[in-house]
Amino acid sequence: MQLEPAAGDSVDVGAALSRLRRASGLPVAFGGLLTGTGRYRINELAGTETAVLHGLDILQGNGLGGKAVALSRPLAVTDYSASSVISHEYDAAVAAEGLRSVLAVPVIVRRRVRGVLYGALRRPVRLGDRPLSAAVEAARELEQALVLQDEAARLLSSARQPTAADPAVWEEVREAHGELRALAQRIADPLLRQEMLAACGRLATASSKRPGTEDGAHPALSPREVDVLACVASGATNAVVAERLGLRPETVKSYLRSGMRKLGAHTRLQAVVAARRAGVLP
């Protein structure tokens, strides 16, 4: 059974559950994110036969997931209802779905537990290293998505605050914009990577509304040309840009030359200024 995510959840928990099932071989997976102090709501189900677990609030310390959250580490039980190492507030829901062997992995961002993922079997079997490792890896990918979402939200919030009389804040936004574009290139999930780049684009668009910027058609810069210019704008040398973006220095020079040509610029500084005026960079 596959249910839609709860309203307001922008990070795709369902994708993490799909990866968990595929890599672990476990037929059932479910999970959710923090919804209040010490409260985690299960809002995504995969491979279930009923909807009994959907909407269930897991309190920190309660049940398997709540204990994993409290300890900030993965846990597993061979037979959920018979386990002596967890409390049993959720036995009725777990039994209604017919689950026996269950694992739970906390999703931790900057030392704060933001969610919990589960994998399960309908028979009592000791879960080995493979399913646990797969669940941990799925949680790590979800953590990365949450970090990027948080950073994008922070950047967009910053972009709404600065004014023409607040150059220090704009410099911080510009630096963060370059870091976010470089980080986006290391994201394996193409949809998530595109979302991060779209957030960067909104930052650049916000900058074009400040006094002193120009309206008009943007030059047709490639994403990689924008990446290079964003790094150059922070004062990075070609060697540093290459390291940040995982490119060869010669490739960085090529992107920089083509970007300068499209912008009608003859120097690196002119290219950065032109890109900012056009709203390509913040």
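Fair warning: this is a prediction, and the values are worked out from it, not measured in the lab. Numbering starts at 1 and runs along the sequence shown.
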Checklist entry - Do any N or O atoms from the side chain of E143 and from the backbone of I108 form a donor-acceptor pair under 3.5 angstrom? => result yes
Item to check | side-chain hydrogen bond (donor to acceptor under 3.5 Å, both in side chains) between S72 and R112, worked out | outcome: CA-CA 9 Å; S72 295; R112 181 189 179 203; over 6 Å; no
Next on the checklist: Quick check on the hydrophobic clustering: are L269 and V232 connected, directly or via other members, by side-chain heavy-atom contacts under 4.5 Å?
Outcome noted: no
Next on the checklist: Would you say V116 ends up clustered with L59 if hydrophobic residues are merged whenever their side chains have heavy atoms under 4.5 Å apart, either directly or through other cluster members?
Outcome noted: yes
Checklist entry - Would you say the side-chain atoms of R224 and S254 include a donor-acceptor pair closer than 3.5 Å? => result no
Item to check | Whether R130 side chain and A23 backbone form a donor-acceptor pair below 3.5 Å | outcome: yes
Next on the checklist: Looking at A220, is its backbone amide N or carbonyl O close enough to the side chain of K262 to form a donor-acceptor pair, meaning the two atoms are under 3.5 Å apart?
Outcome noted: yes
Checklist entry - Taking C-beta and beyond as the side chain, do E89 and I58 meet within less than 4.5 Å on heavy atoms? => result no
Checklist entry - Is the shortest side-chain N to carboxylate O distance from D79 to R123 below 4.0 Å? => result no
Next on the checklist: Quick check: closest heavy atoms across L53 and A93, and the distance to 0.1 Å?
Outcome noted: CD2-CB, 3.9 Å
Checklist outcome for this item: Per side-chain contact (heavy atoms from CB on, under 4.5 Å), L64 is matched among V85, V94, L75 by L75
Next on the checklist: To the closest 0.5 Å, what do you measure between CG (D91) and CG (L99)?
Outcome noted: 11.5 Å
Checklist entry - Linking I/L/V/M/F/W/Y whenever any side-chain heavy atoms sit under 4.5 Å apart, do L17 and V109 land together? => result yes
Checklist entry - Got a sec: does the CZ of R140 have more than 12 other heavy atoms crowding it under 6.0 Å? => result yes
Checklist entry - Can you find a heavy atom in the side chain of L127 that is under 4.5 Å from one in the side chain of L121? => result yes
Next on the checklist: Testing the 3.5 Å rule here: is there a donor-acceptor pair between the side chains of N238 and R268?
Outcome noted: yes
Next on the checklist: Test your reading of the model: is there a side-chain donor-acceptor pair from S101 to the backbone of V125, 3.5 Å cut-off?
Outcome noted: yes
Checklist outcome for this item: On a heavy-atom basis, the closest approach of S83 and V77 is OG-CG1, 3.5 Å
Item to check | Test item: E137 side-chain N/O and S133 main-chain N/O as donor-acceptor pair under 3.5 Å | outcome: no
Checklist entry - Which pair of non-hydrogen atoms, one from P106 and one from A68, has the smallest distance, and what is that distance? => result CG-O, 3.8 Å
Checklist entry - Does E97 come within less than 4.0 Å of R122, counting only side-chain N to carboxylate O? => result yes
Checklist entry - What are the two closest heavy atoms between P74 and L132, and how far apart are they? => result CB-CD2, 4.5 Å
Item to check | ILVMFWY cluster, V107 and V147 together (side-chain gap under 4.5 Å) | outcome: yes
Checklist outcome for this item: Distance col, row Y118:OH vs L26:CG, nearest 0.5 angstrom, shows 14.5 Å
Next on the checklist: Working to the nearest 0.5 angstrom, can you tell me the gap between L221 CG and L263 CG?
Outcome noted: 5.0 Å
Checklist outcome for this item: Nearest heavy-atom approach of A230 to R181 is CB-CD, 4.3 Å
Next on the checklist: Tell me whether the count of non-hydrogen atoms from other residues, nucleotides or ligands lying under 6.0 Å of CD in Q60 goes above 12.
Outcome noted: yes
Checklist outcome for this item: dist D57:CG -> N62:CG (nearest 0.5 Å) comes out at 11.0 Å
Checklist entry - Quick one: are V226 and L281 in side-chain contact, heavy atoms under 4.5 Å? => result yes
Item to check | Side-chain donor or acceptor of S24 paired with backbone N/O of P131 under 3.5 Å | outcome: no
Checklist entry - How far apart are the closest heavy atoms of L45 and A51, and which atoms are they? => result CD1-CA, 4.1 Å
Checklist entry - Looking at CD1 of I42 and CG of L33, how far apart are the two atoms once the value is rounded to the nearest 0.5 Å? => result 11.5 Å
Next on the checklist: Tell me whether the count of non-hydrogen atoms from other residues, nucleotides or ligands lying under 6.0 Å of OH in Y40 goes above 12.
Outcome noted: yes
Item to check | Aromatic ring pairing Y80/H88, orientation class (parallel under 30°, perpendicular over 60°, tilted between) | outcome: perpendicular
Checklist entry - Quick one: are L247 and Y255 in side-chain contact, heavy atoms under 4.5 Å? => result yes
Next on the checklist: Please determine whether side chain to side chain contact (heavy atoms under 4.5 Å, CB included) holds for the pair L245 and V228, giving the CA-CA distance in whole Å, both sets of side-chain angles, and the decisive distance to 0.1 Å.
Outcome noted: CA-CA 8 Å; L245 299 179; V228 169; 3.9 Å; yes
Next on the checklist: When you measure from the side chain of E225 to the backbone of S222, do you find a donor-acceptor pair of N or O atoms at a distance under 3.5 Å?
Outcome noted: yes
Next on the checklist: Strictly below 4.0 Å, N to O, side chains only: are E141 and R19 in salt-bridge contact?
Outcome noted: yes
Next on the checklist: Quick check for you: to the nearest 0.5 Å, what is the distance between R39 atom CZ and T37 atom OG1?
Outcome noted: 9.0 Å
Next on the checklist: Test your reading of the model: is there a side-chain donor-acceptor pair from R21 to the backbone of P27, 3.5 Å cut-off?
Outcome noted: yes
Checklist entry - When you look at V113 and L34, which way does the side chain to side chain contact (heavy atoms under 4.5 Å, CB included) test go after all the steps? => result CA-CA 8 Å; V113 180; L34 182 69; over 6 Å; no
Item to check | Presence of salt bridge, E250 and K253, under 4.0 angstrom | outcome: no
Checklist entry - In terms of hydrophobic clustering (I, L, V, M, F, W, Y; side-chain heavy atoms under 4.5 Å; direct or indirect links), are V52 and Y90 co-clustered? => result yes
